[in-house]
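Take a look at the structure set out below.
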Amino acid sequence: MEGRPLVRRGTLAEFREHPEFAQEMAETPPRSLTLFPEHPYPNYAWGMAIDLGACVGCNACVAACVAENNISVVGKDQVRNSREMQWIRIDRYFSGDPDAPEILHQPVPCMQCENAPCELVCPVNATVHSSEGLNDMVYNRCVGTRYCSNNCPYKVRRFNYFLYANWTSETLAMARNPQVTVRSRGVMEKCTYCVQRIERARVRARVEDRPIRDGEIVTACQQACPAEAIVFGNVNDPASGVSKLKADPRNYALLAELNTRPRTTYLAGIINPNPELAKETSS
């Protein structure tokens with residue numbers, strides 16, 4: 001990935017001199033370069049932007065997602081076996097001097113790709129595309145082939161290897177979110193953009209006979225982020241917060257060269273180190 005870093009950061013001086021530096025670190029194919037016809041999204045088109053300059057890697061988004069979506073805690077042995085279940089992870093990258101490296105953090109949920117590689121290989125149509133651009137999972141259809149996970153370049157899909165859910169203890173049932181399905185063994189699962197919160201806002205807006213307002217839907221990870229690094233909303237609305245961030249020159253897509261067209265994009269981090277302190281650190 002030399003020359004195409006997954007997490008991108010520059011200094012304030014570099015940004016002022018060359019604002020498009022983040023987008024030019026990789027080649028983004030044109031939208032016309034596809035075998036599939038363009039799919040229209042006339043109403044809502046949900047998307048997310050994550051500011052890497054604000055993220056501090058605190059993992060609050062991970063904890064909030066686990067609590068909101070009834071994600072099983074599998075234990076450290078299964079995590080060591082690459083069988084973690086969290087729907088969002090915090091990737092860490094290191095740069096600079098190996099003896100005193102700079103740590104870079106990048107939250108990675110499901111990218112909600114418009115050209116989703118996972119949808120093409122599912123033999124039972126368990127992962128499908130909604131009319132609003134969501135990459136939905138139909139748990140009752142899933143038979144656990146894991147083809148979708150193999151075809152996902154972001155590796156954000158999780159598979160239930162064991163029956164983690166306790167169905168008999170009544171006290172544990174009270175700890176679960178009743179608006180989210182509790183998955184059993186043998187199904188694939190992933191980030192849903194907190195679709196239950198989207199539907200809750202949709203019902204409220206329909207009752208009040210109005211469109212869904214910008215900022216009315218707040219995902220669990222966005223709500224828990226202390227740095228407000230995560231913004232979610234309707235990308236069809238040019239006045240929405242997420243559209244403004246996606247129009248920022250720092251905005252870029254992860255692995256954009258694969259032409260998956262992810263709805264989740266990132267804003268490159270901008271740092272402004274004191275030259276004197278930076279000189280002392282380097283020496």
Side-chain angles (χ1 to χ4, degrees), residues 1-31 45-61 88-109 111-114 153-154 214-215 219 221-222 225-283:
M1 295 302 295
E2 184 177 355
R4 296 184 176 183
L6 300 181
V7 56
R8 302 172 190 176
R9 179 177 292 186
T11 64
L12 181 60
E14 292 171 342
F15 175 70
R16 287 174 173 171
E17 181 180 352
H18 191 48
E20 309 289 338
F21 77 95
Q23 300 180 21
E24 295 178 358
M25 284 183 175
E27 180 181 357
T28 302
R31 295 187 67 88
W46 306 115
M48 179 178 287
I50 302 176
D51 189 350
L52 298 182
C55 177
V56 295
C58 67
N59 280 269
C61 55
I88 180 173
R89 69 175 188 267
I90 306 295
D91 285 351
R92 290 184 299 170
Y93 298 90
F94 303 90
S95 66
D97 185 0
D99 295 327
E102 180 186 6
I103 302 177
L104 309 176
H105 301 97
Q106 184 173 44
V108 184
M111 296 291 112
Q112 304 288 343
C113 307
E114 292 186 19
Y154 305 100
D214 181 42
T219 63
C221 55
Q222 177 186 3
C225 181
E228 298 183 356
I230 302 174
V231 177
F232 176 83
N234 179 19
V235 298
N236 276 350
D237 180 8
S240 66
V242 69
S243 292
K244 292 177 181 178
L245 290 183
K246 288 182 179 292
D248 191 290
R250 295 185 294 139
N251 183 75
Y252 73 95
L254 190 63
L255 299 179
E257 60 272 18
L258 300 181
N259 200 25
T260 57
R261 299 184 192 171
R263 283 286 180 86
T264 299
T265 56
Y266 296 89
L267 271 68
I270 301 297
I271 58 176
N272 188 24
N274 185 307
E276 296 300 323
L277 295 178
K279 187 185 302 182
E280 292 178 5
T281 303
S282 61
S283 59

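Since the model is a prediction, treat every value here as computed from it, not as a measurement. All residue numbers in this chain count up from 1 along the given sequence.
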side-chain contact (heavy atoms from CB on, under 4.5 Å) assessment of V235 paired with W46: CA-CA 6 Å; V235 298; W46 306 115; over 6 Å; no
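Looking at R92 and H105, their side chains come closer than 4.5 Å, going by heavy atoms from C-beta outward. Considering only heavy atoms from C-beta on, S95 comes within 4.5 Å of L104 through its side chain. In this structure, C55 and P107 have side chains that are in contact, with non-hydrogen atoms separated by less than 4.5 Å.
Across all non-hydrogen atoms, the minimal contact from Y266 to V108 is OH-CA, 3.6 Å. Across every non-hydrogen atom of A239 and D214, the tightest pair is O-OD2, 4.3 Å. Contact record, A253 with R8: O-NH2, 4.4 Å, taken as the closest heavy-atom pair. P249 and P19 make their closest contact through CB-O, 3.5 Å (heavy atoms, listed as atom of the first residue, atom of the second, distance). The minimum heavy-atom distance linking T11 with P273 is given by the pair CG2-CD, 4.5 Å. Annotation for P5 and M25: closest pair CG-SD, 3.5 Å, computed over non-hydrogen atoms.
Ring orientation note: the planes of F15 and F21 are nearly perpendicular, at an angle over 60° on the 30°/60° scale.
Residue Y154 holds its OH atom at 13.0 Å from CG of D91, rounded to the nearest 0.5 Å. Taking OG1 from T265 and CD from Q112, the interatomic distance works out to 12.5 Å, rounded to the nearest 0.5 Å. Between the CG atom of L12 and the CD1 atom of I271 there is a distance of 10.0 Å, given to the nearest 0.5 Å. With rounding to the nearest 0.5 Å, the separation of OG1 in T219 from CE in M48 is 4.0 Å. The distance from the CD1 atom of I50 to the CD atom of Q106 is 8.0 Å, given to the nearest 0.5 Å. In this structure, CZ in R250 is found 4.5 Å from CG in L267, a value given to the nearest 0.5 Å.
Side-chain contact annotation: S240 with N234, donor-acceptor N/O pair under 3.5 Å absent.
Remark: side-chain polar atoms of R261 are not paired, donor with acceptor, to backbone N or O of E114 under 3.5 angstrom. Formation of a donor-acceptor pair under 3.5 Å by the Q23 side chain with backbone atoms of E20 is not found in this model.
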